Amino acid sequence: MSTIGVVLLHGKWDAPPFAITPLADALNDAGHRTAVSTYPWALRRLYDRPLEEAMATIDADVASLRENGCARIVVCGHSLGAAVALAHAAQGAAADGLVLLAPGHFPERMAADGHTLAALAIAQTQATGHERIPLTDTFQGTTRRIRMRPAHYLSYFDPVGALVWPDNMGRLEANLPLLWVVGDKDPAAGLGIDYAFTRKRRHPLDRHVCLPARHEETPAAAITVVTDWLKRLEETA
């Protein structure tokens, strides 16, 4: 049994079996303990709880894996799950490695492109309200109006808030190893390595990998890359 446990965060609007399930199964087969929770951005939840509670779920999964004998923990996120995994690490959470698969949900870019500006203005004027109102979300070129509390919306979509990719990469500690994997058919691949990845202070195990895959295919396509990277991590002191 590996001493490294992995907390996995699924992607936006995903539903069981999540796109990360093949990776989770492969990690279990390789001897890693894993934790897979259903987060507020799942299709059946649609932002029913704020970002802060999602962070608390990560903390609980990390603690559970440590209690079950894992000496080191890697947090691995897909799509919006990658954005939250990054933010969790940027806030100084105690993890030993970070894996970002098919990075998605860029609040700063959604606002800059005009997709969420109107919804943000509405949410900001009603931030203390508890009523769920229709607000704009986008995913891989698809736009939806989703009913949620304004405060929940702001926690995930604020363009200067907790999920801004370049800012969070710059906050990562140099001693945190990072694996970033993106599919060549994913719109995020067009952002290039300099958009966020190079903002991080370098660790010897940091890797940026581009694979032949679409956004939703990336976790399964990355199985070998992720398992090999974890082996290298386990070999380090």
Side-chain angles (χ1 to χ4, degrees), residues 1-105 155-156 162-163 168 172-173 175-181 205 216-234 236:
M1 180 66 69
S2 171
T3 61
I4 295 178
V6 185
V7 175
L8 294 117
L9 285 65
H10 62 76
K12 181 185 285 192
W13 304 353
D14 208 350
F18 298 121
I20 58 170
T21 298
L23 174 59
D25 291 343
L27 293 174
N28 290 330
D29 290 343
H32 297 280
R33 289 186 175 88
T34 61
V36 182
S37 295
T38 300
Y39 285 89
W41 51 88
L43 187 62
R44 72 186 189 195
R45 296 187 62 181
L46 294 177
Y47 309 100
D48 61 346
R49 306 306 299 171
L51 177 61
E52 295 76 14
E53 292 194 23
M55 298 289 198
T57 299
I58 301 173
D59 290 336
D61 283 346
V62 168
S64 177
L65 288 175
R66 292 199 189 278
E67 289 169 3
N68 281 281
C70 296
R72 288 191 284 181
I73 305 295
V74 169
V75 178
C76 172
H78 171 227
S79 183
L80 171 49
V84 176
L86 171 59
H88 182 260
Q91 292 177 9
D96 304 287
L98 181 62
V99 177
L100 307 176
L101 305 174
H105 190 85
S155 74
Y156 293 98
L163 296 183
N168 283 335
L172 294 180
E173 297 291 341
N175 62 359
L176 181 72
L178 167 69
L179 173 62
W180 176 305
V181 183
L205 291 182
E216 69 279 5
E217 298 170 336
T218 301
I223 286 173
T224 299
V225 172
V226 173
T227 54
D228 286 351
W229 186 82
L230 290 173
K231 288 177 184 175
R232 293 184 61 199
L233 178 61
E234 196 150 28
T236 63

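Computed from a predicted model, the values in this text were never measured in an experiment.
Within the structure, every pair that satisfies the salt bridge (Lys or Arg N to Asp or Glu O under 4.0 Å) test and touches residues 92-101, not counting sequence neighbours, is listed here: R66-D96. Residue pairs meeting the salt bridge (Lys or Arg N to Asp or Glu O under 4.0 Å) criterion with at least one member in residues 39-50, sequence neighbours excluded, are R45-D48, R49-E53. Pairs passing the ring pair (Phe, Tyr, Trp, His ring centres under 6.0 Å) check and including a residue from residues 44-79, sequence neighbours excluded, read Y47-Y156, Y47-F157, H78-H215. The side-chain hydrogen bond (donor to acceptor under 3.5 Å, both in side chains) contacts involving residues 15-31 comprise N28-T34, where partners must be two or more places apart or lie in separate chains. Listed by first then second residue, pairs satisfying salt bridge (Lys or Arg N to Asp or Glu O under 4.0 Å) with a partner in residues 216-225 read R214-E216, R214-E217, not counting sequence neighbours.
Distance check: T3 OG1 to R72 CZ gives 5.5 Å after rounding to the nearest 0.5 Å. Once rounded to the nearest 0.5 Å, the distance linking CG of L205 with OG1 of T236 reads 6.0 Å.
Of all heavy-atom pairs spanning P219 and A19, the tightest one is CB-O, 3.4 Å. The nearest pair of heavy atoms linking L101 to C76 is CD1-SG, 3.6 Å. The nearest pair of heavy atoms linking A83 to G104 is CB-O, 3.6 Å. Taking every heavy atom of both residues into account, A85 and L98 meet most closely at O-CD1, 3.7 Å. The two residues G97 and W229 come nearest to each other via the heavy atoms CA-CH2, 4.4 Å. G11 approaches S79 most closely through the heavy-atom pair CA-CB, 3.7 Å.
Between the side chain of H32 and the backbone N or O of I4 there is at least one donor-acceptor pair closer than 3.5 Å.
For the pair H10 and V36, the minimum side-chain heavy-atom distance is 4.5 Å or more. You'll find the side chain of N68 stays beyond 4.5 Å of the side chain of L65, heavy atoms only. In this structure, V84 and W41 have side chains that are in contact, with non-hydrogen atoms separated by less than 4.5 Å. When side chains are defined from C-beta on, L179 does not count as touching L230, because their heavy atoms never get closer than 4.5 Å. A 4.5 Å side-chain heavy-atom check between L233 and P177 finds at least one atom pair inside the cut-off.
Residues forming a side chain to side chain contact (heavy atoms under 4.5 Å, CB included) with A26 (at least two apart in sequence, or on another chain): I223. For S64, there are no side chain to side chain donor-acceptor pair (under 3.5 Å) partners, not counting sequence neighbours. With sequence neighbours excluded, the residues forming a ring-ring contact (aromatic ring centres under 6.0 Å, His included) with W13 are F139, listed by chain and number. In this structure, T227 has no side chain to side chain donor-acceptor pair (under 3.5 Å) partners at least two apart in sequence or on a different chain. When the side chain to side chain contact (heavy atoms under 4.5 Å, CB included) test is applied to A82, the partners found at least two apart in sequence or on another chain are L100, W165.
None of D14, L27, L8 except one satisfies the side-chain contact (heavy atoms from CB on, under 4.5 Å) rule with I20; the exception is L8. When V6, V99, V74 are each tested for a side-chain contact (heavy atoms from CB on, under 4.5 Å) with V226, only one passes: V99.
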What side-chain donor-acceptor pairs closer than 3.5 Å can you find for residues 86-95, not counting sequence neighbours?
residue: H88; atom: NE2; partner: D59; partner atom: OD1; Å: 2.7

